[in-house]
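We name chains A, B, ... by the order of the sequence lines, and we start the count at 1 in each one.
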Amino acid sequence: MKTAVSQRPSLILAQPDAIALPADFDPDLTLRGGQAFRWTVEPDSNGQTAYRGVVEDMTLLVAPAAGQWQARLLNHPPTPPRLARLRDYFDLDRDYAAARQALLERVERVAPLARLSGEIERARGLRILRQPWFETLVAFVISANNHLPRIRQIINVISLKFGQPLGSGDYAFPTPEALAAVAPATLRGECRVGYRDRYLCQLAQRIARERLAWEQAATRPTLELRQALQTLPGVGPKVAECVLLFGFHRWEAFPIDVWVRRAMTGALVAPAPDGRPPADRQIAAAAAARFGPLAGLAQQYLFEIARRHKPKADNASAGDNRSSPRPRA
DNA sequence: CACCAGGACGGCG
DNA sequence: CGCCGTCATGGT
């Protein structure tokens, strides 16, 4: 019980409008990788590299402060419910060190995978975000046969044209109803979605019409949810797994793309006798058997490690990639 | 200027 | 079932 009242606010208090991210948080792997598409790299007010993004109706700035990465709300008062949603978004209540350790114990006996343990340790700052499922669904329908930079661009144009302004110069991702009202020709002509225009329009219309059922989907078993997702236009096996993992936080989901297929072939699954890569069904079975409930995390490590091995000059702002302002390792 | 990209879809054997 | 051509678009 303190009786004296400080005349001045304590300097030790954390900034009330921000949440501190884990010490090893890696914004490039987590925010600019293959799971989130609404984060841009830009210098903050101090001229240091920062990451600006939109989560639901919140504009966020992830920047180094007080020796670590912090996520600051730019367009709303930092009420406890909002801060709680941010903790949820960054999955801060999960023990990634324990999850990673459990994963390493599962793979260290498999020689072709054991050599990955060092790579996984270097990618330890990767986290799996808990993103809004409708935005995730649309993003990965667009992802089919597409490149990451272009997926980001299309998602941002869709938000800019059809989303609600957030008072910060940024726009929320549109609701299913708002997107369902957009003509396919507009999606193709103005958002450059190509042949996916009809998929997206029908998708938004169905979600809007079946909204109640889909909002209860988060409580359904993964198997049932997976089957339901694959009835949606533009949603096949791979997109369904991505939505399960990034939009419904099902860590047993295991999306198989070209990178993961290459990583798994020969390491965990033998190629076919004729030399062709094994069927995706066999890869999925091997992943479930080896990685179990951590398959999604394993997949994300495999994807980002494989992608890191081939940089491909993903960055538009050429100049300072060496001065990654890792706030005091 | 071919080739590729976090594939899905429809048709065919 | 499994295989195969096709589907826009823009970067390399």
Side-chain angles (χ1 to χ4, degrees), chain A residues 28-39 123 126 128-129 131 135-158 183-203 206 226-248 250 253-265 271-285 287 295-318:
Chain A
D28 281 321
L29 278 179
T30 304
L31 304 177
R32 298 281 301 174
Q35 60 173 313
F37 304 104
R38 294 217 62 193
W39 290 89
L126 170 62
I128 297 182
L129 302 168
Q131 303 184 77
E135 175 178 345
T136 305
L137 179 57
V138 173
F140 280 96
V141 167
I142 294 169
S143 80
N145 205 20
N146 227 337
H147 286 93
L148 289 181
R150 216 167 82 81
I151 300 167
R152 294 192 193 103
Q153 181 184 351
I154 292 172
I155 289 298
N156 282 316
V157 171
I158 287 178
T186 305
L187 286 173
R188 177 182 292 222
E190 299 186 16
C191 306
R192 314 305 294 167
V193 300
Y195 64 91
R196 309 166 187 83
D197 54 354
R198 286 177 294 116
Y199 297 158
L200 295 174
C201 194
Q202 297 173 12
L203 174 69
R206 258 197 65 184
R226 173 181 291 124
Q227 287 187 330
L229 284 170
Q230 295 203 38
T231 69
L232 294 170
V235 180
K238 194 270 179 182
V239 170
E241 295 302 295
C242 286
V243 177
L244 285 173
L245 179 55
F246 304 128
F248 289 102
R250 307 298 174 95
F254 192 79
I256 301 173
D257 61 25
V258 292
W259 302 101
V260 174
R261 190 173 297 114
R262 289 172 196 159
M264 292 287 287
T265 301
D274 53 8
R276 289 177 27 248
D280 287 355
R281 182 190 150 275
Q282 297 187 3
I283 297 179
L297 180 65
Q299 183 275 157
Q300 201 57 12
Y301 281 133
L302 291 177
F303 176 82
E304 295 296 346
I305 288 171
R307 208 172 70 89
R308 164 190 290 180
H309 214 274
K310 288 217 165 206
K312 298 233 172 186
D314 193 351
N315 211 340
S317 66

For the base of [N], is there a side-chain donor-acceptor partner from [X] under 3.5 Å away?
X        : N      : value
A/Gln153 : C/dG11 : no
A/Tyr199 : B/dG7  : no
A/Lys238 : B/dG7  : no
A/His147 : C/dG10 : yes

Would you mind classifying the nucleic acid contact of [X] as base, sugar-phosphate or nothing, using non-hydrogen atoms under 4.0 angstrom?
X        : value
A/Gln230 : nothing
A/Gly34  : base
A/Val235 : sugar-phosphate
A/Arg276 : sugar-phosphate
A/Val239 : sugar-phosphate
A/Leu302 : nothing

From [atom1] ([X]) to [atom2] ([Y]), nearest 0.5 Å:
X        : Y        : atom1 : atom2 : value
A/Leu29  : A/Gln35  : CG    : CD    : 9.5 Å
A/Arg276 : A/Thr265 : CZ    : OG1   : 11.5 Å
A/Trp259 : A/Gln299 : CH2   : CD    : 13.0 Å

Would you tell me if any nitrogen or oxygen in the side chain of [X] comes within less than 4.0 Å of OP1 or OP2 on [N]?
X        : N     : result
A/Arg196 : C/dC7 : no
A/Arg262 : B/dA5 : yes
A/Arg188 : C/dA8 : yes
A/Arg261 : B/dG6 : no

Suppose you measure atom [atom1] in [N] against the same atom in [M]; what distance do you get, rounded to whole Å?
N      : M     : atom1 : value
B/dG6  : C/dC4 : P     : 23 Å
B/dC3  : C/dG5 : P     : 14 Å
B/dG11 : C/dA8 : P     : 16 Å

Interatomic distance, [X] [atom1] vs [N] [atom2] [rounded to whole Å]:
X        : N      : atom1 : atom2 : result
A/Asn146 : C/dG10 : CG    : C1'   : 9 Å
A/Leu187 : C/dA8  : CG    : P     : 14 Å
A/Ile283 : B/dG7  : CD1   : C1'   : 14 Å
A/Arg150 : C/dT9  : CZ    : C1'   : 4 Å
A/Phe37  : B/dA5  : CZ    : C1'   : 12 Å
A/Asp280 : C/dC3  : CG    : C1'   : 13 Å
A/Trp259 : B/dC4  : CH2   : C1'   : 10 Å
A/Ile151 : C/dA8  : CD1   : P     : 18 Å

Item to check | Candidate list A/Ile256, A/Val260, A/Asp257, test side-chain contact (heavy atoms from CB on, under 4.5 Å), partner A/Asp280, passing option | outcome: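 The single option meeting the side-chain contact (heavy atoms from CB on, under 4.5 Å) with A/Asp280 is A/Ile256.
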Checklist entry - Nearest of B/dA8, C/dG10, B/dG6 to any side-chain atom of A/Leu148? => result B/dG6
Item to check | Among C/dT9, B/dG7, B/dG6, the one nearest A/Asn145 by side-chain distance | outcome: B/dG7
Checklist entry - Taking it one step at a time, do A/Arg307 and A/Glu304 satisfy salt bridge (charged side-chain N to carboxylate O under 4.0 Å, His left out)? => result CA-CA 5 Å; A/Arg307 208 172 70 89; A/Glu304 295 296 346; 3.5 Å; yes
Checklist entry - Does the ring centre of A/Phe37 sit less than 6.0 Å away from the ring centre of A/Phe140? => result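 Between A/Phe37 and A/Phe140, which both carry aromatic rings, the centre distance is below 6.0 Å.
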Checklist outcome for this item: Between A/Leu232 and A/Val260, the residue closer to the 5' end of DNA chain B by nearest nucleotide is A/Val260
Next on the checklist: Can you tell whether the side chains of A/Glu241 and A/Arg250 come within less than 4.0 Å, N to carboxylate O?
Outcome noted: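 No, A/Glu241 and A/Arg250 are not salt-bridged.
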